[in-house]
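Report on the structure given below.
This one's a predicted model, so the numbers in the text were calculated from it and none came from an experiment.
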Amino acid sequence: MKVFIDGQYGTTGLKLESRLRERKDVTLLEVDFDAREEFAAKKPLLEAADIVFLCLPDDAARESVAATSADTLIIDASTAHRTANGWAYGFPELSANHRAAIAASKRIAVPGCHAAGFISTVYPLVSSGLLPASERLSCTSLTGYSGGGIMLIDAHEKNRVPADKYHSPRPYALGLMHKHQPEMKAITGLDAPPIFYPVVGDMFQGMIVSVPLWPTQFTKKMTAKNVWEVLAAHYENSHFVQVKPFDLDAATDGGFMDATACNGTNQLQIFVFGHDEQILLAARLDNLGKGASGAAIQCMNIACGLNETIGLE
């Protein structure tokens with residue numbers, strides 16, 4: 001398979017390149033670093049590739065799609081097509097229909113990292129009718145700074161002093177218009193996006209996405225243990241999505257959670273905490289793994305009729 005990563009030199013592109021370069025069934029087509037933003041230099045590679053990964057800003061992703069044959073498999077890691085008609089949403093564990101759409105499609109949109117965490121916990125509850133689509137939810141996400149791209153990486157890693165601002169967790173997107181909110185709404189089936197509060201931490205990668213719920217929000221009496229049972233059943237046969245035990249001691253490190261525990265993997269771990277009166281859902285993943293490059297390769301494997309775990313173990 002001839003593969004071109006359009007945006008190879010960005011954070012997600014470099015992770016994709018390192019994973020794919022080890023595969024014997026893949027031939028990587030590459031553009032010179034100095035010509036990476038020149039469309040004329042990329043166009044022959046877009047035309048020659050069997051599979052194109054897009055790791056680009058939204059407008060550039062749309063431009064590349066327009067120049068690529070309808071027969072070429074495109075896997076887009078940008079925000080451009082996550083809610084677009086004709087594009088499969090690249091989260092196969094959500095349902096048999098999602099998996100079938102990925103397998104049949106030539107156009108696949110990779111979920112956003114924050115959105116993957118939120119959707120993984122909320123989708124099964126809404127799709128089963130237990131959580132009404134009319135409910136208004138909130139979501140907090142603690143994430144590594146690699147998700148902010150090269151400028152934020154440089155800010156955290158270059159010319160720092162011991163007490164500078166980058167050591168502190170920093171909330172952002174406080175205008176409440178984060179680019180992942182449309183897919184959070186659309187894919188879960190909610191009537192409105194959540195109030196979303198992301199926080200970037202002083203770690204390169206890794207994230208925990210949390211959603212608080214009240215038992216009164218459900219269509220029938222539900223405790224935290226009941227919600228855990230629903231999620232555990234939904235993901236029972238999933239290889240990359242694991243619902244961790246409903247046990248505070250077993251699910252945490254002395255009551256604390258390590259946001260980096262899934263780093264370097266394509267795993268997404270779901271936790272349910274709480275009791276009869278309050279419920280907290282949490283998803284832990286690598287924002288560069290199941291939140292980006294890992295999910296993209298998993299989708300490629302499924303679309304090509306391969307074992308979904310190839311290159312991800």
Side-chain angles (χ1 to χ4, degrees), residues 1-8 10-23 25-26 28-29 46 49-56 58 61 64-65 68-120 123 180 183 186-187 235 237-242 262 264-268 283 285-313:
M1 297 181 289
K2 292 179 289 184
V3 176
F4 176 49
I5 304 171
D6 194 354
Q8 175 184 338
T11 309
T12 299
L14 289 170
K15 287 289 184 180
L16 275 170
E17 187 272 340
S18 66
R19 291 178 184 271
L20 292 173
R21 193 170 292 283
E22 298 178 358
R23 293 179 57 155
D25 60 341
V26 167
L28 286 174
L29 308 179
L46 291 168
D50 302 305
I51 302 169
V52 172
F53 289 94
L54 302 179
C55 306
L56 301 166
D58 290 359
S64 290
V65 169
T68 305
S69 166
D71 294 327
T72 302
L73 173 60
I74 300 180
I75 302 173
D76 185 5
S78 81
T79 314
H81 299 103
R82 290 174 185 162
T83 60
N85 291 333
W87 286 74
Y89 191 71
F91 202 147
E93 294 87 357
L94 292 182
S95 72
N97 288 339
H98 284 86
R99 183 174 292 273
I102 293 166
S105 182
K106 292 291 188 180
R107 299 290 184 266
I108 302 169
V110 179
C113 55
H114 301 288
F118 177 80
I119 291 165
S120 70
Y123 176 87
H180 289 187
E183 67 184 289
I187 305 303
Y235 292 111
N237 298 316
S238 296
H239 185 85
F240 290 117
V241 179
Q242 304 169 339
C262 289
T265 77
N266 194 49
Q267 297 294 327
L268 186 152
L285 63 155
D286 182 350
N287 59 292
L288 298 179
K290 187 62 168 168
S293 63
I297 290 175
Q298 183 185 0
C299 288
M300 180 192 83
N301 289 338
I302 293 170
C304 293
L306 304 173
N307 185 309
E308 67 181 315
T309 68
I310 293 175
L312 296 171
E313 300 283 41

So, using salt bridge (charged side-chain N to carboxylate O under 4.0 Å, His left out) as the criterion, who are the partners of R99 when residues are at least two apart?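 So R99 forms a salt bridge (charged side-chain N to carboxylate O under 4.0 Å, His left out) with E308.
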
Taking salt bridge (charged side-chain N to carboxylate O under 4.0 Å, His left out) as the test, write out the residues that go with R23, two or more places apart.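 Result, salt bridge (charged side-chain N to carboxylate O under 4.0 Å, His left out) vs R23: D25.
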
Minimum-distance pair of heavy atoms, taken over all atoms of [X] and [Y]:
X: L73; Y: A303; answer: CD2-CB, 3.8 Å
X: L285; Y: A116; answer: CD1-CB, 4.3 Å
X: L16; Y: C55; answer: CD1-SG, 3.5 Å
X: S293; Y: K15; answer: OG-CB, 3.5 Å
X: A295; Y: N266; answer: N-OD1, 3.2 Å
X: A80; Y: D58; answer: N-OD1, 3.4 Å

Look up atom [atom1] in [X] and atom [atom2] in [Y], then write down how far apart they are to the nearest 0.5 Å.
X: I75; Y: I51; atom1: CD1; atom2: CD1; answer: 6.0 Å
X: F91; Y: I187; atom1: CZ; atom2: CD1; answer: 10.5 Å
X: L54; Y: T12; atom1: CG; atom2: OG1; answer: 12.0 Å
X: F4; Y: T72; atom1: CZ; atom2: OG1; answer: 12.0 Å
X: L312; Y: Q267; atom1: CG; atom2: CD; answer: 9.5 Å
X: M1; Y: D50; atom1: CE; atom2: CG; answer: 8.0 Å

Can you name the side-chain contact (heavy atoms from CB on, under 4.5 Å) partners of [X], sequence neighbours left out?
X: A88; value: A101, I102, S105, I108
X: C113; value: H180, M207, N287
X: T309; value: H239, F240, N307, E313
X: A186; value: T83

Between the side chain of D286 and the main-chain N/O of G264, is any donor-acceptor distance below 3.5 Å?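 Side chain of D286 to backbone of G264, a donor-acceptor pair under 3.5 Å: yes, one is there.
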
Name all residues meeting the ring pair (Phe, Tyr, Trp, His ring centres under 6.0 Å) criterion together with Y89; count only those two or more places apart in sequence or in a different chain, and write none if there are none.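 Scan of Y89 (ring pair (Phe, Tyr, Trp, His ring centres under 6.0 Å), adjacent residues dropped) gives none.
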
Residues which pass side chain to side chain donor-acceptor pair (under 3.5 Å) with D76, listed by chain and number, not counting sequence neighbours: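 If we apply the side chain to side chain donor-acceptor pair (under 3.5 Å) test to D76, skipping adjacent residues, the hits are S78, H81.
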
Sequence neighbours left out, what passes side chain to side chain donor-acceptor pair (under 3.5 Å) with S95? Give chain and number order.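 Residues passing side chain to side chain donor-acceptor pair (under 3.5 Å) with S95: H98.
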
Show every salt bridge (charged side-chain N to carboxylate O under 4.0 Å, His left out) that has at least one partner inside [range], sequence neighbours left out.
range: residues 86-97; result: E93-K290
range: residues 104-115; result: none
range: residues 82-92; result: R82-E183

Do [X] and [Y] have side chains that approach each other closer than 4.5 Å (heavy atoms only, starting at C-beta)?
X: L28; Y: Q8; value: no
X: L56; Y: S64; value: yes
X: I74; Y: W87; value: yes

